[in-house]
Amino acid sequence: MIFYFPEIPGTLVIAVLMVVVGGLLLYWGIIAACIVAKLLWLVIQEPCRVMYFDYLDWKKDRVRKRKKKTKWYEDYSKFK
């Protein structure tokens with residue numbers, strides 16, 4: 001039986017050209033993805049920074065409240 005696979009190139013020159021063109025397309029795709037990621041980061045950088053520092057303020061406030069409660073309970077246990 002003879003099978004015909006059209007995706008397999010017939011000559012070495014065509015195979016090398018396909019590998020080179022595929023490599024160039026992959027290289028350009030990676031560069032385009034890096035550019036898009038950089039632009040996306042420029043857009044979302046400030047909102048992320050604001051959310052992060054809001055989270056840190058909330059976390060610090062939460063820890064402060066917990067320390068107050070713990071301190072109150074420690075003082076309360078001394079009075080018993």
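Throughout, numbering of the chain's residues begins at 1 and tracks the sequence.
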Side-chain heavy atoms nearer than 4.5 Å, only ILVMFWY residues, links allowed to pass through others: does that put [X] and [Y] together?
{"X": "V19", "Y": "V13", "answer": "no"}
{"X": "F53", "Y": "Y55", "answer": "yes"}
{"X": "I31", "Y": "V21", "answer": "yes"}
{"X": "V20", "Y": "L26", "answer": "no"}

Could you grab the distance from atom [atom1] of [X] to atom [atom2] of [Y], nearest 0.5 Å is fine?
{"X": "E46", "Y": "W41", "atom1": "CD", "atom2": "CH2", "answer": "10.0 Å"}
{"X": "I30", "Y": "Y27", "atom1": "CD1", "atom2": "OH", "answer": "9.0 Å"}
{"X": "L12", "Y": "L17", "atom1": "CG", "atom2": "CG", "answer": "9.5 Å"}

